[in-house]
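Order of the sequence lines fixes the chain letters, A, B, ..., with proteins taken first and strands second; residue numbering starts at 1 for each chain.
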Number of protein chains: 2
Amino acid sequence: MIDCKLLSQIISRYKSAMFTMQRRLNALIRDEMPQDLTVDQFATLEYIRSRGQCTSSELAEVFCVGKSSITAIISRLFDKSLIRRLPDDKDRRVTYLRLTEEGERMAVDIDGRLETLLSRYMGHFDEKEATQFIETYEKLAHVLVQPIEQDAPAGEEKRQE
Amino acid sequence: MIDCKLLSQIISRYKSAMFTMQRRLNALIRDEMPQDLTVDQFATLEYIRSRGQCTSSELAEVFCVGKSSITAIISRLFDKSLIRRLPDDKDRRVTYLRLTEEGERMAVDIDGRLETLLSRYMGHFDEKEATQFIETYEKLAHVLVQPIEQDAPAGEEKRQE
DNA sequence: TGATATAGTTCATCTGTAGAACCATTCGCC
DNA sequence: GGCGAATGGTTCTACAGATGAACTATATCA
């Protein structure tokens, strides 16, 4: 695998870079938002757009928050006429969420601005480095959503729910 | 620099990986927090610890938020007896923030747990990949805190304040 | 049919954030 | 030296997002 001491050092570097990254990037993204739309609201819009439609439960799962948080965000977006709720007629408990025309327009627009923003920074790297980076990053994101266990011998029933 | 089409594709991949990463990692970190300490509060503690001491203004700068947000966090930490405020006797406007004994203990403890947590994921990569990754990541974090302009020809007075 | 699970909402409560108003102090400069 | 501007920090109000528990309505399963 990897030398334990080096690993520890990399982790420590990762922690501080991550911290800067999150805070700073979030601030930059916030600046690109139109009046009266928050970053989280945009993220929600964007997720729905990427899926075409989805449910509240799915959003809660993906965003790693409780369903009541989603309800709050959704109703704000609904009040702004950016999304529609359409009930499933098979299962009358579920309501699907879709973007309205305006929601679509807005999401596309902001998305473009974010692309411009990010390319201003990503442009610093050459093709090889950028590709290598994004691949590791995606792998990391991937293992992060795994339940956790992979090297535990057996009898580990904790953790995954 | 880098092919425009490829760049755009990388950005798009980055956006979605970043999204997953932030949400998921945040949830995992939250699970490591002791009762009655939030992730932001820990981040504040940790930053102060890394510096030995610091001011509210510095925190506001680093966290990319207004000073009033910092005041709020600081007073909660103060109420929990995790930090001390000590006035500078040169400049009587500024008060330095330091960890208390208990704050120090708590920060160290959580920090250890985060290291364990992260090593569970980082352990997936070999030395070369991990090193390469963290280097690009740090570079990215670095350019992110730069004022922005680097390739603008001239007469650009916007943006940096 | 009846217990249980699931989808989603509502409510109370808390944290973090913004922004404006404000106080105290220090700085710049005439 | 003194006065206006800048700086460090707090307070206040308002709001977004998060939690967790209680609740409704519907579906599933045995």
Side-chain angles (χ1 to χ4, degrees), chain A residues 19 22-24 26-31 33-45 47-48 53-80 82-97 161, chain B residues 19 22-24 26-31 33-45 47-48 53-80 82-97 161:
Chain A
F19 175 78
Q22 280 201 10
R23 289 285 181 169
R24 184 68 187 155
N26 198 55
L28 289 172
I29 293 176
R30 200 165 51 219
D31 290 345
M33 291 297 131
Q35 284 298 345
D36 86 337
L37 197 72
T38 69
V39 177
D40 284 325
Q41 285 166 12
F42 166 68
T44 308
L45 237 40
Y47 182 82
I48 298 175
Q53 70 177 19
C54 75
T55 67
S56 284
S57 297
E58 183 182 344
L59 281 170
E61 176 89 5
V62 172
F63 279 61
C64 303
V65 298
K67 288 188 292 178
S68 58
S69 308
I70 300 298
T71 301
I73 295 185
I74 290 302
S75 16
R76 280 173 206 123
L77 290 174
F78 186 79
D79 292 347
K80 298 190 223 275
L82 298 175
I83 60 177
R84 283 177 298 158
R85 303 175 201 242
L86 27 122
D88 182 4
D89 46 351
K90 299 285 166 50
D91 185 339
R92 292 169 54 207
R93 288 171 306 181
V94 351
T95 64
Y96 292 109
L97 305 169
E161 65 278 1
Chain B
F19 175 78
Q22 280 202 8
R23 290 288 182 166
R24 183 67 187 157
N26 198 56
L28 289 171
I29 293 175
R30 200 167 52 220
D31 290 347
M33 292 297 130
Q35 284 299 346
D36 87 338
L37 197 72
T38 68
V39 176
D40 284 323
Q41 285 166 13
F42 165 69
T44 308
L45 237 40
Y47 183 82
I48 298 175
Q53 69 177 19
C54 75
T55 67
S56 284
S57 296
E58 182 181 344
L59 281 171
E61 176 90 5
V62 172
F63 279 61
C64 302
V65 299
K67 289 186 292 180
S68 60
S69 308
I70 299 298
T71 301
I73 295 185
I74 290 301
S75 17
R76 280 174 205 125
L77 290 174
F78 187 81
D79 292 346
K80 298 188 224 277
L82 298 176
I83 60 177
R84 283 177 299 159
R85 305 174 200 243
L86 28 121
D88 182 4
D89 46 352
K90 299 282 167 49
D91 185 340
R92 291 169 55 211
R93 290 169 303 179
V94 351
T95 65
Y96 292 108
L97 306 168
E161 66 278 359

Query raised in the report: When the nearest nucleotide of DNA chain D is assigned to A:G66 and to A:D89 on a heavy-atom basis, which residue is associated with the more 5' position?
Result: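 Whichever sits nearer the 5' end wins; that is A:G66.
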
In whole Å, I'd like the distance from the [atom1] atom of [X] to the [atom2] atom of [N].
X	N	atom1	atom2	value
A:D88	D:dT28	CG	P	11 Å
B:I73	C:dA18	CD1	C1'	13 Å
A:N26	D:dA16	CG	C1'	13 Å
A:I74	C:dA7	CD1	P	15 Å
B:D31	D:dG20	CG	P	10 Å
B:Q35	D:dG20	CD	C1'	13 Å
B:M33	C:dG16	CE	P	12 Å
A:E58	C:dG8	CD	P	10 Å

Is the shortest side-chain N/O distance from [X] to OP1 or OP2 of [N] below 4.0 Å?
X	N	value
A:S68	C:dG8	no
A:S57	C:dG8	yes
A:S56	C:dA7	no
B:T38	C:dT15	no
B:R85	D:dT10	yes
B:R76	C:dG16	yes

**Report entry** Ion pair check, A:R23 and B:D40, cut-off under 4.0 Å
**Finding:** yes

Query raised in the report: Is it true that A:D88 and A:K90 have a side-chain N and a carboxylate O under 4.0 angstrom from each other?
Result: no

Query raised in the report: Got B:S57 and B:K67 here, is their nearest side-chain heavy-atom distance under 4.5 Å?
Result: yes

Query raised in the report: Given side chains that start at C-beta, do those of B:L86 and B:Q53 come closer than 4.5 Å, heavy atoms only?
Result: yes

Report task. May I have the step-by-step check of side chain to side chain contact (heavy atoms under 4.5 Å, CB included) for A:C64 and B:N26, ending in yes or no? Result -> CA-CA 9 Å; A:C64 303; B:N26 198 56; over 6 Å; no

Nearest-nucleotide pick for [X], side chain only, options being [options]:
X	options	result
B:K67	C:dT10, D:dG9, D:dT19	D:dG9
A:R93	C:dG8, D:dT26, D:dA16	D:dT26
A:D40	D:dT26, C:dG8, D:dG17	D:dG17

Report summary line: On DNA chain C, more 5' by nearest nucleotide between A:R30 and A:Y96 is A:Y96

Report summary line: Nearest-nucleotide check on DNA chain C, B:V65 vs B:K90; residue mapping nearer the 5' end is B:V65

Query raised in the report: What class does the angle between the rings of A:F63 and A:Y47 fall in, given that below 30° is parallel, 30 to 60° is tilted and above 60° is perpendicular?
Result: perpendicular

Query raised in the report: Looking for any heavy atom pair under 4.0 Å, which part of the strands does A:T55 touch: base, sugar-phosphate only, or nothing?
Result: sugar-phosphate

Report task. Would you indicate what B:A72 reaches in the nucleic acid, counting non-hydrogen atoms under 4.0 angstrom: base, sugar-phosphate, or nothing? Result ->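 Result for B:A72 = base.
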
Query raised in the report: What about B:R92, does its side chain sit under 3.5 Å from the base of C:dT25 through a donor-acceptor pair?
Result: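 Side chain to base: no pair present.
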
